[in-house]
Amino acid sequence: MKQLKNIHYSFLLILLISFSGCDDFLNFLPEDKITSASFPENEEDIKLLLNGVYGQLRETDVYNQGFYGFGVLDGATPNAYNWGNGPIAKAGNGSLSSGDGGMLTFRWKKGYTIIANANNLLKEIEKVELPAETKELYVGKAHFLRGLAYSVLVESYGGVPLILEAISTEEARTISRASAEETWKQVHDDYDRAIARLKPTAPEVGRATLGAAYGMKMRAYLYQGKYEEVLQMAEKIDELGIYGLFHSYEGLFAAENENNKEVLFDIQYMEGENS
């Protein structure tokens, strides 16, 4: 009987030791992936979030039917002609419909991906301790990119849903479209928030600067036909003393002249998959 009692007490002791360590075991965070429990923690994490917003601007279709629609999209304008009956040709002759896909759906999805990523950065940055000036720069860049996304969306679709923070799936099903005027107001609000925070230069090429924010706000005014405001933004850009016309239009397209003084904002590529 005594031996059985000893075994019983020993078993209880093992259980107590095991349960006393359970709390640490259950709270163990995975080391092979990023989770919301451990991210973001520092400026490097915030930089990753920002890169995730910038990254949406760069994909193989960006100069065709992509978010900006440069290049092939000229075929929908008097600048060029597009053969066939695809989305570009239909956009040019006014017969493009919601069932055609292509740039019509791509721009919508890509635009809201940029907006969602920017909203997430603005939320998550509040969890990280940063010098005030550093934090303001990140916030300015997020607003710049969100304004850029809303600008392209309103140019393409007119008024669109204004999503300024993370929303649930149920909320996404019920949110309605804002008017074009309201959407343009949001574009300018984002650009103004960027202008208040950004610097004339950035430590990395291809990142948002004060001149880029002035330039995109100028573009937004141009698309609204507000020409006096366009000239005001042009003066702001000129006052920075950084930009000017490049001496050769043909030379603008040469690789050796990338990032010249005529460039306000551009998307950086490197040779490889997305070149």
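Remember, predicted model here, so these are calculated numbers, not experimental data.
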(request) Drop me the distance from Leu130's CG to Glu136's CD, to the nearest 0.5 angstrom. (result) 10.5 Å

(message) With a 4.5 Å cut-off on side-chain heavy-atom distances among I, L, V, M, F, W and Y, is there a chain of contacts connecting Leu57 to Leu48?
(response) yes

(message) To the closest 0.5 Å, what do you measure between CD (Gln56) and NZ (Lys109)?
(response) 13.0 Å

(message) Quick test of your reading: applying salt bridge (Lys or Arg N to Asp or Glu O under 4.0 Å), list the pairs with at least one residue in residues 171-188, sequence neighbours left out, ordered by first then second residue.
(response) Glu170-Arg173

(message) Any carboxylate oxygen within less than 4.0 angstrom of a Lys/Arg side-chain nitrogen, looking at Glu133 and Lys199?
(response) yes

(request) Determine the sole option in Val53, Leu164, Leu121, Asn117 for which the side-chain contact (heavy atoms from CB on, under 4.5 Å) test with Arg146 is passed. (result) Leu164

(request) Establish, yes or no, whether the cationic atom of Arg219 lies under 6.0 Å from the six-membered ring centre of Tyr223 and within 45° of the ring axis. (result) yes

(request) Calculate, to the nearest 0.5 Å, the distance between atoms CG and CG belonging to Asn120 and Leu50 respectively. (result) 12.0 Å

(message) Centre-to-centre under 6.0 Å for Tyr191 and Tyr214, is that the case here?
(response) no

(message) Just by distance, no angles: are the side chains of Glu43 and Tyr138 close enough, under 3.5 Å, to form a donor-acceptor pair?
(response) yes

(request) Answer whether the closest heavy-atom distance between the side chains of Ile267 and Tyr54 falls below 4.5 Å. (result) no

(request) Taking the side chain as every heavy atom from C-beta outward, state whether Glu228 and Tyr221 have any pair of such atoms under 4.5 Å apart. (result) no

(request) Scan for salt bridge (Lys or Arg N to Asp or Glu O under 4.0 Å) pairs involving residues 202-213, sequence neighbours excluded, and state none if there are none. (result) Glu204-Arg207

(request) Please check if any side-chain donor atom of His188 sits under 3.5 Å from a side-chain acceptor atom of Gln224, or the reverse. (result) yes

(message) Could you measure the distance from the CZ atom of Arg193 to the NE2 atom of His143? Nearest 0.5 Å is fine.
(response) 5.0 Å

(message) Can you tell me how far apart CD (Glu155) and CG (Leu222) are? Round to the nearest 0.5 Å.
(response) 9.5 Å

(request) Search all heavy atoms of Val263 against all heavy atoms of Tyr243 and return the closest pair with its distance. (result) O-CE2, 3.3 Å

(request) Indicate, with yes or no, if Phe246 and Leu240 share a hydrophobic cluster defined by side-chain heavy-atom contacts under 4.5 Å among Ile, Leu, Val, Met, Phe, Trp and Tyr. (result) no

(request) Is it possible for you to say whether Met218 and Leu231 belong to one hydrophobic cluster, with membership spreading through side-chain heavy-atom contacts below 4.5 Å? (result) no

(request) Starting from the C-alpha separation in whole Å, work towards a yes-or-no answer on ring-ring contact (aromatic ring centres under 6.0 Å, His included) for Phe265 and Phe144. (result) CA-CA 11 Å; Phe265 180 70; Phe144 171 81; 5.1 Å; yes

(request) Please determine if Glu229 and Lys217 form a salt bridge, counting it only when a charged side-chain N lies under 4.0 Å from a carboxylate O. (result) no

(request) Locate the shortest heavy-atom distance separating Gly215 from Leu264; write the atom from each residue and the value. (result) CA-CD1, 3.8 Å

(request) Kindly compute the distance separating CG (Asn257) from CD (Glu262), expressed to the nearest 0.5 Å. (result) 10.5 Å

(message) Does any part of the side chain of Thr183, heavy atoms only, come nearer than 4.5 Å to the side chain of Leu153, both counted from C-beta?
(response) no

(message) If you compare all heavy atoms of Thr209 against all heavy atoms of Thr201, which two are closest, and at what distance to 0.1 Å?
(response) CG2-C, 4.0 Å

(message) I need the minimum non-hydrogen distance between Asn119 and Ile163, along with the two atoms involved.
(response) ND2-O, 3.0 Å

(request) Kindly give the heavy-atom pair with the smallest separation between Leu198 and Ala208, and that separation in Å. (result) CD1-CB, 4.0 Å

(message) When you compare the side chain of Ile125 with that of Lys135, does any pair of heavy atoms fall below 4.5 Å?
(response) yes

(request) Take Leu137 and Arg197 through the test side-chain contact (heavy atoms from CB on, under 4.5 Å) and record every step on the way to the result. (result) CA-CA 6 Å; Leu137 279 173; Arg197 293 168 171 83; 5.7 Å; no

(message) With a 4.5 Å cut-off on side-chain heavy-atom distances among I, L, V, M, F, W and Y, is there a chain of contacts connecting Leu245 to Leu252?
(response) no

(request) Using a 4.5 Å cut-off on heavy atoms from C-beta on, say whether the side chain of Trp184 contacts that of Ser151. (result) yes

(message) Give me the atom names and distance for the closest heavy-atom approach of Pro161 to Tyr150.
(response) O-CE2, 3.6 Å

